[in-house]
Amino acid sequence: MNWDALATYGPRMLQGLVVTLQLVAISITLGALLAWPVALARMSRSRLLRGVAFGYMYFFRGTPLLAQTFLVYYGAGQFRVQLEAVGLWWLFRDAFFCCVLTFTLNTAAYQAEILRGAIKAVPIGQREAAMSLGLKPRQIFRKIIMPQALLIALRPLGNEVILMIKGSSVAAIVTVFDLMGVTRLAYSRTFDFQVYLWAAVLYLIVVESIRRIWDKIEHYLTRHLRTA
Amino acid sequence: MLSFGPDGWGMQLLQGTWLTIRLALATLPFGLALGLAMALAKRSPNRWIRAFGNAYTTVFRGLPELLTIFIVYFGGQIALQKFVSLFSDAPVEVNGFVAGMVALGVVFSAYASEVFLGAFNNIGRGQYEAAYALGLRPSATLRLVIVPQLVRLALPGLANLWLILLKDTSLVSVIALEDLLRKTSIAVRVTKEPFLFFGVACLIYLALSMISSIGIVAIERWANRGLRRA
Amino acid sequence: MRIVKQAAIAALALMAVTGVVQAKEWKNIRVAVEGAFPPFNFVSADNQIGGFDVDIAKAICEKMKAECTFAVQDWDGLIPALQAGKFDAIISSMSITPERKKVIDFSRPYYQSPSSFIAPKTAGIKDTSPESLKGKTIGAQSSTVQAAELEEKYKDSEIKLYPTQDEVNLDLVSGRIDMLFVDKLPGLDWLKTADGACCEFVGTDMPTDGVGAGVRQSDTDLRDQISEAIVAIKADGTYDKINAKYFPFSIWKD
């Protein structure tokens, strides 16, 4: 063990981990909010809405996150004058914000696909039963379809959170000091390969904890579906 | 700027795209073989082999792909160097392509082993028993009875992994393999046109995904040919 | 079919990694450059590498009567890849620092350039002491002397580190950073471009220990031969010719 390096960079790596978690938490939350309208648009009766949602989801699911991040970060730098004119440059100036924006758009596309699958998986009889009870379409969606779809979506959404934690490491390449960023910095100063292994352990702890917590949540929320 | 002349970057992007395709295609058989081996390990009657298979999956599904690539590329090289130096002082050279292939293959296999495992679990015991009753040896059972069904059952999951692999190849650009994204970055540095070039790169990746999807549909149709008659 | 074959070959190579025994007379030297640090080293659209480092490396190899092959490797990966044996020498404007000397060895310096700050002309920055740059966002290329200097002395400024110098420059132009800290000579070159016209050198330069060729610590013979070759090309005028091609003044370090 390289104790010197651990003493110098250990605390900074933990700070980096906090940045990673912030990045993921914000992106996943905003992505979840965006995913609903996108999923609904994707299933809408309007051809235009369907097409737009399809194109959006196809683009973000079909291209690498790293390329998307480069496109937003360095692309925005090229449009500084235009962005300043609309008063948005101060946002795009910040690498952390650019990453949040890219990750949000990316995860929203994946989450929308998960939701779409989940909504379609709710048995048609549920909708019919609700209709025969005289519920309005809006009520049917909110009280009948949505809760069941969310339960179905729970597991793939958990996977998406984990994929996002791992994927967020690309933020390091555009100057964000997340866990990966600090690790690269530490490596470039110490040239000691150990730092990558420490980072690996930290990532594994986080991913495994989230996976287990998520299992517990799922277990709790689906308790009514299990027969004794 | 995107032209194919000496001042254009078209040729460079094309070369990068070609490397991306080659890398993904070369990783596939390696990743599939390793994934199948890991799936078999997780079904092994031996407790230690099972534990190894499970640990492997946990680790390589939990690590960021970018980190796995760094660790395999640099760490693997250093480890190999130390290992070889026990026997001779010859320098070892693993080229970037192979290192990238191993790193991506390891990630791919961790996910693929889960897909295979799911497929194995979907093949009923009756299939093995029937093969046994027909007098097939275990190896023949695997080859003639299990694998054809396994392919069909695992195909949707593997197709998904292929699309992920195609995108993950972009991460090797950070270890200096001249893939599409790296060629694009070089073009951006020289031309100062990030939006144009990264945009084009995204569209090329998109095109690769689309072509793959078409191929996947064709393969699925082929794999399911025995089922359609009913 | 070719791809299947390629995969098979790659897999074979993996199983039986064979080392090539390197003759100690160094008849073949694999030289690495970053390829993103004009005018010292760069890659052009037709995939050719060039620049001061490359010309010097070629002259050194010629002096050593060795065959040189060039590899392009990302800056951050240069030292790890050298240690891993992917090439034999780094001739890529790498400054000699105590930190690097812990893991690799250097030839004698083949040029020297101080570190300088660059800021937009409109910013009106005069003083570049850590106190007066408090709260400013300063960019540099990661794993460079400049990055280390900033990390150590400019603790109250926000430091942003990039994979290549071009990206630092790009972000100074776009205004994401207030100033950048760079090797003076490439900085000079960049200020002459259309992009660099916005900006100027500010404050005081900081001296460095010069730039040498990096080799593995075990290759002391290669290190000494390169050092001798550097002195020899200076003596026979080759160095000055290359120098004049890029800079109107001498960058030689005695």
Side-chain angles (χ1 to χ4, degrees), chain A residues 20 55 58-79 82 106 110 113 159 162-174 178-181 183-184 187 191-211, chain B residues 20 55 58-79 107 111 160 163-174 179-182 184-185 188-189 191-213:
Chain A
T20 292
Y58 204 89
F59 180 83
F60 279 97
R61 298 187 336 128
T63 57
L65 182 60
L66 183 58
Q68 292 164 13
T69 310
F70 280 157
L71 185 66
V72 169
Y73 185 76
Y74 289 110
Q78 203 179 344
F79 295 109
Q82 290 87 332
N106 182 282
Y110 282 95
E113 181 65 22
N159 283 335
I162 289 172
L163 287 178
M164 206 65 236
I165 291 177
K166 300 179 355 166
S168 70
S169 60
V170 306
I173 318 245
V174 291
D178 69 336
L179 177 52
M180 191 69 180
T183 308
R184 278 163 68 95
Y187 184 60
F191 300 108
D192 190 334
F193 193 73
Q194 274 181 28
V195 292
Y196 279 126
L197 299 182
W198 301 340
V201 170
L202 283 178
Y203 272 114
L204 279 182
I205 290 173
V206 170
V207 166
E208 270 305 291
S209 320
I210 288 186
R211 205 172 59 82
Chain B
T20 291
T58 307
V59 168
F60 289 108
R61 288 203 312 169
L63 289 185
E65 289 76 3
L66 195 58
L67 192 56
T68 307
I69 286 173
F70 276 128
I71 289 178
V72 170
Y73 188 66
F74 293 124
Q77 189 107 29
I78 293 168
V107 176
Y111 284 93
N160 210 9
L163 293 175
I164 293 172
L165 171 66
L166 208 53
K167 287 180 282 169
D168 277 354
T169 55
S170 66
L171 298 173
V172 302
S173 64
V174 298
D179 79 318
L180 172 58
L181 195 57
R182 186 177 171 79
T184 310
S185 302
V188 166
R189 277 168 211 161
T191 61
K192 319 282 179 215
E193 288 283 349
F195 194 76
L196 172 70
F197 277 99
F198 287 129
V200 167
C202 280
L203 291 181
I204 295 176
Y205 279 111
L206 214 51
L208 293 180
S209 296
M210 273 185 215
I211 296 167
S212 301
S213 304

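Per chain, numbering begins at 1; letters A, B, ... match sequence-line order. Worth knowing before you read on, the calculation uses all heavy atoms, side chains too, and leaves out hydrogens, waters and symmetry mates.
Side-chain contact check for V207(A) versus L63(B): every heavy-atom pair is 4.5 Å or farther apart. Side chains of S169(A) and F70(B) form no contact here, defined as non-hydrogen atoms less than 4.5 Å apart.
Residues T58(B) and L204(A) come closest through the heavy atom pair O-CD2, 3.8 Å. Minimum interatomic distance between G75(A) and P194(B) (heavy atoms only, all atoms of both residues): N-CB, 4.0 Å. Minimum heavy-atom separation, G62(A) to K167(B): C-CD, 3.8 Å.
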Discussion item. Assess the residue pair L66(A) and L66(B) against the criterion (side-chain contact (heavy atoms from CB on, under 4.5 Å)); give the C-alpha distance rounded to whole Å, side-chain angles, the decisive distance to 0.1 Å, and a yes or no.
Written reply: CA-CA 10 Å; L66(A) 183 58; L66(B) 195 58; 5.8 Å; no
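Most heavy-atom pairs under 4.5 Å with chain B: of the set Y187(A), Y74(A), F59(A), F70(A), this distinction falls to F70(A).
For I173(A), the part lying under 4.5 angstrom from a heavy atom of chain B is the side chain only. Both the backbone and the side chain of V170(A) come within contact range of chain B, judged by heavy atoms closer than 4.5 Å. Residue F193(A) touches chain B through its side chain alone, counting heavy-atom pairs closer than 4.5 Å. For L163(A), the part sitting under 4.5 Å from any heavy atom of chain B is the side chain, from C-beta outward, and nothing else.
Between the side chain of K166(A) and the backbone N or O of L67(B), no donor-acceptor pair lies under 3.5 Å.
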Distance-only donor-acceptor hits, side chain of residues 196-207 of chain B, under 3.5 Å, sequence neighbours excluded:
none

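Aromatic ring pairs are classed by plane angle as parallel below 30°, tilted from 30° to 60° and perpendicular above 60°; the pair F195(B) and F79(A) is perpendicular.
Sorted by first and then second residue, the salt bridge (charged side-chain N to carboxylate O under 4.0 Å, His left out) pairs involving residues 194-206 of chain B (not counting sequence neighbours) form an empty list.
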